[in-house]
Amino acid sequence: MSQGGLDSRTWKRIFWLLILFALGVLGLFLCGFPVVRHIEIFIPMGICPSAKMHLMSDNFTGLLYPWARTEVLTCTSWGAPIIWDGTFDPDVAQQKTGQQNLTIGLTVFAVGRYLEKYLAHFLETAEQHFMVGHHVVYYVFTDLPAAVPHVVLGQGRSLRVEHVARERRWQDVSMERMRTLSEALSGWLGREVQFLFCMDVDQHFSGAFGPEALADSVAQLHAWHYHWPRWLLPFERSARSAAVLGPGEGDFYYHAAVFGGSVAALRRLTAHCAQAIQQDRERGVEAKWHDESHLNKFFWLHKPAKVLSPEFCWSPEIGARTEIHHPRLLWAPKEYNVVRT
């Protein structure tokens, strides 16, 4: 060993100290320690290839401007746009979609205390921000139809209440919606709208959620996971579950609080998830994140045509982020001790 150098034992000690430090930071990160979680903003999201940037347009937004947001990823590897504020012209989107005379549905499940705690605010803010200027039908699935609050609706907007049974466990409420939606989309619901969004009730609108979000199939980047590398994403890893994704599988981690698309596309998605959930039940298995795990498996097998950035469904608990310009939906505080009893 030369003078001033470090012997192999010292290098090994340094190496293992770095490994332990990294594991410690990772542990705090995964546990949601606030200071450590802010480190994730330094994890690069990737860059949209310039060759794809100038080809992006659709029937709902016209030409997209992915180059306007160079600090974030604005397209997927399969060429679908990731919609961020500034990557579209909202006036053009309104005009192009208005010319198509579409009826757009919005489903929400409000069962048990979720109805009294969240539904009124969800619907009131939807009237202010969701697809304003377009024909909209709200579908409220609930075990308490008589308790659905009266909300003043604008012209061309209506509300339909559908009764569903209250499940014994909240997990089953979440998973059963896939079967319920699959059946409705194959029947009356599928005849009433051309496009549909399915959303959780424990959130509220805070900004314009307009036709820029429309596409044949639409997935939502999860606000808590959009910076994470793929190997850290909470996909289902049990090989016994139909939702399993193996090493190297999965593109992004999508949030089941918002997904949407055409009736035909959502019929395929909900049928897939309902069948996979039933298959797991027959095996005595339950995916870690329930219907969200199955949703992520579906979108791995069938890539979404459009991906919404975390601006479209943001958690205030994360705090301010420079890339989050105008949140469209905000999570409500999670009061599980109240609503899941």
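These figures come from a predicted structure and were not determined experimentally.
- Hydrophobic clustering of Ile, Leu, Val, Met, Phe, Trp and Tyr side chains at less than 4.5 Å, counting indirect connections, unites Leu159 with Ile104.
- No side-chain heavy atom of Glu71 sits less than 4.5 Å from a side-chain heavy atom of Met45.
- Placement of Met199 and Val151 within a single hydrophobic cluster is found when ILVMFWY residues are connected by side-chain heavy-atom separations under 4.5 Å, directly or transitively.
- The heavy-atom pair separating Ala80 from Ala305 by the smallest distance is CB-O, 3.3 Å.
- Figure legend: cation-pi geometry between Arg328 and Phe312, with NZ or CZ positioned under 6.0 Å from the six-membered ring centre and within 45° of its axis.
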Item to complete: Go through Thr142 and Phe109 one step at a time and tell me if the side chain to side chain contact (heavy atoms under 4.5 Å, CB included) criterion holds.
Response: CA-CA 6 Å; Thr142 180; Phe109 283 68; over 6 Å; no
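- At least one side-chain heavy atom of Leu196 sits less than 4.5 Å from a side-chain heavy atom of Thr107.
- Every side chain to side chain donor-acceptor pair (under 3.5 Å) that Glu162 has, sequence neighbours left out, goes to Arg160.
- In this structure a side-chain-to-backbone donor-acceptor pair under 3.5 Å is present from Ser186 to Ser182.
- Hydrophobic cluster membership differs between Trp289 and Val244, with clusters built from Ile, Leu, Val, Met, Phe, Trp and Tyr side chains linked at under 4.5 angstrom.
- Using the six-membered ring where Trp is involved, Phe209 and Phe197 have ring planes that are perpendicular, over 60° apart on the 30 and 60° scheme.
- Ser217 and Ala265 get closest at one heavy-atom pair: CB-CB, 4.3 Å.
- For the side-chain contact (heavy atoms from CB on, under 4.5 Å) test, residues two or more places apart in sequence or in another chain that qualify with Glu183 are Arg179.
- With hydrogens and angles disregarded, no donor-acceptor distance shorter than 3.5 Å links the side chain of Gln279 to the backbone of Ala274.
- Partners of Thr125 under the side-chain contact (heavy atoms from CB on, under 4.5 Å) rule, at least two apart in sequence or in another chain, are His121, His204, Phe205.
- Pairs engaging residues 242-268 under the side-chain hydrogen bond (donor to acceptor under 3.5 Å, both in side chains) rule: Asp216-Ser262, Asp251-Lys303, Tyr253-Glu292 [sequence neighbours left out].
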Tell me, with the steps shown, if Ile318 and Ser315 meet side chain to side chain contact (heavy atoms under 4.5 Å, CB included).
-> CA-CA 6 Å; Ile318 298 174; Ser315 172; 4.0 Å; yes
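- Taking the six-membered ring wherever Trp is involved, the centroid distance between the rings of Tyr226 and Trp228 does not fall below 6.0 Å.
- For the atom pair NE2 (His290) and CG (Leu295), the distance works out to 14.0 Å, reported to the nearest 0.5 Å.
- Trp188 pairs by the ring pair (Phe, Tyr, Trp, His ring centres under 6.0 Å) definition with Tyr139, not counting sequence neighbours.
- The salt bridge (Lys or Arg N to Asp or Glu O under 4.0 Å) test applied to Arg157 returns Glu127, not counting sequence neighbours.
- At a threshold of 4.0 Å, the pair Glu176-Arg281 counts as salt-bridged, since one of the basic side-chain nitrogens sits closer than that to a carboxylate oxygen.
- Between Asp200 and Arg177, at least one side-chain nitrogen of the basic residue sits less than 4.0 Å from a carboxylate oxygen of the acidic one, meeting the salt-bridge criterion.
- Residue pairs that meet the ring-ring contact (aromatic ring centres under 6.0 Å, His included) test with at least one member in residues 258-279, sequence neighbours left out, are His272-Phe298.
- Residues in residues 81-99 take part in these side-chain hydrogen bond (donor to acceptor under 3.5 Å, both in side chains) pairs, two or more places apart or across chains: Gln94-His134.
- Shown here for Ala93 and Glu212, the closest heavy-atom pair between the two residues is CB-N, 4.2 Å.
- Side-chain atoms of Lys306 never come within 3.5 Å of backbone atoms of Ala213 as a donor-acceptor pair (strictly under, hydrogens ignored).
- Nearest approach of Val193 to Val263, heavy atoms of both residues: O-CG2, 3.2 Å.
- Scanning for salt bridge (Lys or Arg N to Asp or Glu O under 4.0 Å) contacts around Glu116 gives an empty result, with sequence neighbours left out.
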Ring pair (Phe, Tyr, Trp, His ring centres under 6.0 Å) assessment of Tyr118 paired with Phe122 = CA-CA 6 Å; Tyr118 302 114; Phe122 177 88; 9.9 Å; no
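- Side-chain contact between Val137 and Thr103 is present, with heavy atoms from C-beta onward closer than 4.5 Å.
- In this structure, Val132 is not a member of the same hydrophobic cluster as Leu106, with clusters built from ILVMFWY side-chain heavy atoms closer than 4.5 Å.
- Contact between Trp314 and Pro316 at its shortest, heavy atoms only, is O-CD, 3.5 Å.
- Judged by distance alone, the side chains of His227 and Glu323 do bring a donor and an acceptor atom under 3.5 Å apart.
- The main-chain N or O of Pro327 is found under 3.5 Å from a side-chain atom of Ser206 such that the two form a donor-acceptor pair.
- Pro81 is not listed as a side-chain neighbour of Thr74, based on a closest heavy-atom distance of 4.5 Å or more.
- How far NE2 of His135 is from CG of Leu102: 9.0 Å, rounded to the nearest 0.5 Å.
- Here CG of Leu181 is found 5.0 Å from SG of Cys198. Values are rounded to the nearest 0.5 Å.
- Rounded to the nearest 0.5 Å, atoms OG (Ser57) and OH (Tyr65) are 10.5 Å apart.
- Leu214 places a side-chain heavy atom less than 4.5 Å from the side chain of Pro211.
- Across all their heavy atoms, Leu119 and Val148 have their closest contact at CD2-CG1, 4.1 Å.
- Proximity of Pro229 to Ile43: side-chain heavy atoms (C-beta onward) are separated by under 4.5 Å at one or more points.
- Using a 4.5 Å cut-off on side-chain heavy atoms (C-beta onward), Val108 and Phe141 make no contact.
- By the side chain to side chain donor-acceptor pair (under 3.5 Å) test, Thr61 pairs with Asp58, sequence neighbours left out.
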Requested in this report: Report the C-alpha separation of Tyr138 and Ser158 in whole Å, then their side-chain angles, then the decisive distance to 0.1 Å, and conclude whether the side chain to side chain contact (heavy atoms under 4.5 Å, CB included) test is met.
Outcome: CA-CA 6 Å; Tyr138 300 109; Ser158 60; over 6 Å; no
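- Interatomic distance, Ile82 CD1 to Leu73 CG, rounded to the nearest 0.5 Å: 4.0 Å.
- Qualifying side-chain contact (heavy atoms from CB on, under 4.5 Å) partners for Lys288, counting only residues two or more places apart in sequence or in other chains: Glu236.
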Show your working on side chain to side chain contact (heavy atoms under 4.5 Å, CB included) between Phe252 and Trp300 and close with a plain yes or no.
CA-CA 9 Å; Phe252 305 97; Trp300 163 243; over 6 Å; no
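- Follow the hydrophobic side-chain contacts under 4.5 Å out from Leu63 and you never reach Val92; the two are in separate clusters.
- To the nearest 0.5 Å, the span separating CD on Gln203 from CG on Leu329 amounts to 4.5 Å.
- Between His225 and His222, the angle of the ring planes lies from 30° to 60°, which puts this pair in the tilted group.
- By the side-chain contact (heavy atoms from CB on, under 4.5 Å) test, Asp280 pairs with Ser241, Ala242, Val285, Ala287, His294, sequence neighbours left out.
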